[in-house]
Amino acid sequence: MATPAPELSRWLLRVALLAAPLAALLLQLPIPISLKPRSTDTAAAAAMDAAASEIEFDMPGVLRMYKDGRVERFDGTQTVPPSPSGDPANGVVSKDVVLDPAAGISARLYLPPCVEPGKKLPVVLFFHGGAFLVHTAASPLYHRYATSLAAAVPAVVVSADYRLAPEHPVPAAYDDAFAALRAVVAACRPDGAEPWLAAHGDASRVVLAGDSAGANMAHNAAIRLRKEGIEGYGDKVSGVVLLHPYFWGKDPVGGESTDAGYRGSFHGTWEFVSAGKLGLDHPCVNPLASPEEWRQLGAGRVLVTTAEHCWFVERARAYAEGIKKCGWDGEVELHETDGEGHVFFLPKPDCDNAVKELAVVTDFVRRC
């Protein structure tokens, strides 16, 4: 059945917001126009232009891919430099580093001000959101969040970059996440190659964290850690923080919408970012479907946050409720914010609810 016009409008807005809360604003931006040299064969040129303009995938305001392979990103393209002299708001210093040259793993590191020489701090390895499609560690939203988290805990925050779809379909992002974890653990050793982590990173207090797609990555990195382990480190981190995690599945959970058009938008996105190789109930995107995988989560405790109007709120609730039932032997906490939407704390970092959410995350990391 065709989606009614009002429902279609709401669906388009929701899809536009999937990668970042500010994406809806970008719907107002002009679409870039590619200017091509004039051809003497106007018919051939017209045919080429028509073929080049055929759309393979479109997430309004976020990303568009054409059938000729071209990709246009409209969100998550802005960047800000690190703050080597200290952030004006809280004094946190930051720098860009290459954690693993062989694997091409880069990150932005954050160090709280006035850290005593030799003082060890918890390490938060953070993965940004963006539906696996957009954003970087240098995006203004994520730079500000990582700075605030580093100051509040205090902790060394490692905001890792990773390969994005569709150029690098999932599971490339998962491979990069685990490579980043290995690199961080190695760097925290006294002879580690990264000075900040070698001097201040406490390898016994590593927390995997992320928002939306990044939360999905944190979960999967913890699963892989339990299965494979890291030589000289073990098979568990201290904690996992899943901020409004991007999980999905073929069938509705709880009060999720049953509308075919609405669900189809999320189905199509996952198929696109995974190049059709991972199904809707693959354990990477639907932990609920594979409890035998889920119980291998390599962490002692998990914090799940969500919001009343988050698209994935039912999944977050089910995750928190089901992880203990699956046989996992850790502690889980759920924090839900009333009246807010998906990752609201990024575009509204100073609102009361965002301040409360950061406090919950801060307290959790301190206890890990």
Side-chain angles (χ1 to χ4, degrees), residues 98-107 122-128 132 156 158-165 168-189 191-194 197-198 201-210 213-242 245-247 273-275 277-279 281-304 319 322-324 326-332 368:
V98 177
L99 291 173
D100 184 341
I105 305 299
S106 60
V123 178
V124 179
L125 175 54
F126 186 88
F127 305 112
H128 66 80
F132 298 99
V156 181
V158 182
S159 185
D161 276 317
Y162 53 89
R163 287 172 292 173
L164 299 174
H168 305 282
V170 169
Y174 298 140
D175 292 337
D176 290 352
F178 196 68
L181 177 57
R182 285 198 304 260
V184 165
V185 168
C188 286
R189 295 168 182 154
D191 60 347
E194 208 310 297
L197 288 169
D202 186 348
S204 69
R205 300 178 67 194
V206 174
V207 175
L208 291 168
N216 176 301
M217 292 172 60
H219 161 85
N220 281 290
I223 294 287
R224 185 168 174 178
L225 176 62
R226 188 67 173 269
K227 291 180 178 180
E228 299 182 13
I230 295 177
E231 185 177 357
Y233 179 73
D235 62 0
K236 283 187 177 182
V237 290
S238 295
V240 175
V241 176
L242 308 181
Y246 172 12
F247 294 128
V273 301
S274 67
K277 295 180 180 180
L278 304 181
D281 286 330
H282 190 282
C284 285
V285 71
N286 187 8
L288 300 174
S290 303
E292 69 282 358
E293 290 271 329
W294 201 3
R295 68 171 60 100
Q296 296 189 61
L297 190 76
R301 52 173 58 93
V302 173
L303 169 66
V304 182
Y319 186 106
I323 190 169
K324 295 296 291 185
C326 78
W328 177 67
D329 59 354
E331 301 175 6
V332 62
C368 284

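The distance from the CG atom of D202 to the OG atom of S238 is 7.5 Å, given to the nearest 0.5 Å. A distance of 9.0 Å separates CG of D161 from CD1 of I105, quoted to the nearest 0.5 Å. Within the model, atoms NZ of K324 and CG of D329 stand 7.5 Å from one another, a figure rounded to the nearest 0.5 Å. In this structure, CG on L125 lies 10.0 Å from CG on L197, to the nearest 0.5 angstrom. L181 CG to L225 CG: the interatomic distance, rounded to the nearest 0.5 Å, is 5.5 Å. Within the model, atoms CG of L288 and SG of C326 stand 9.5 Å from one another, a figure rounded to the nearest 0.5 Å.
Closest heavy-atom contact between A103 and A179: CB-CB, 4.4 Å. Across A218 and L208, no two heavy atoms sit closer than the pair O-CD1, 3.8 Å. Minimum heavy-atom separation, A183 to D100: CB-CB, 4.3 Å. Between C188 and V123, the shortest heavy-atom distance links the atoms SG-CG2, 4.0 Å. In terms of heavy atoms, A173 sits closest to F132 at CB-CD2, 4.1 Å.
Sorted by first and then second residue, the side-chain hydrogen bond (donor to acceptor under 3.5 Å, both in side chains) pairs with a member in residues 292-303 read K227-E293; sequence neighbours excluded.
Taking 4.5 Å as the limit, every side-chain heavy atom of V170 sits out of range of all side-chain heavy atoms of V285. Looking only at side-chain heavy atoms (C-beta outward), P245 and V304 come within less than 4.5 Å of each other. Considering only heavy atoms from C-beta on, V158 comes within 4.5 Å of L99 through its side chain. In this structure the side chain of H219 reaches within 4.5 angstrom of the side chain of P287, judged on heavy atoms. Between R163 and D175 the shortest side-chain heavy-atom distance falls below 4.5 Å. For the pair V241 and F126, the minimum side-chain heavy-atom distance is 4.5 Å or more.
By the side-chain hydrogen bond (donor to acceptor under 3.5 Å, both in side chains) test, N216 pairs with Y174, N220, sequence neighbours left out.
Side-chain atoms of R226 do not come within 3.5 Å of backbone N or O of D235 as any donor-acceptor pair.
Using the six-membered ring where Trp is involved, Y162 and F127 have ring planes that are perpendicular, over 60° apart on the 30 and 60° scheme.
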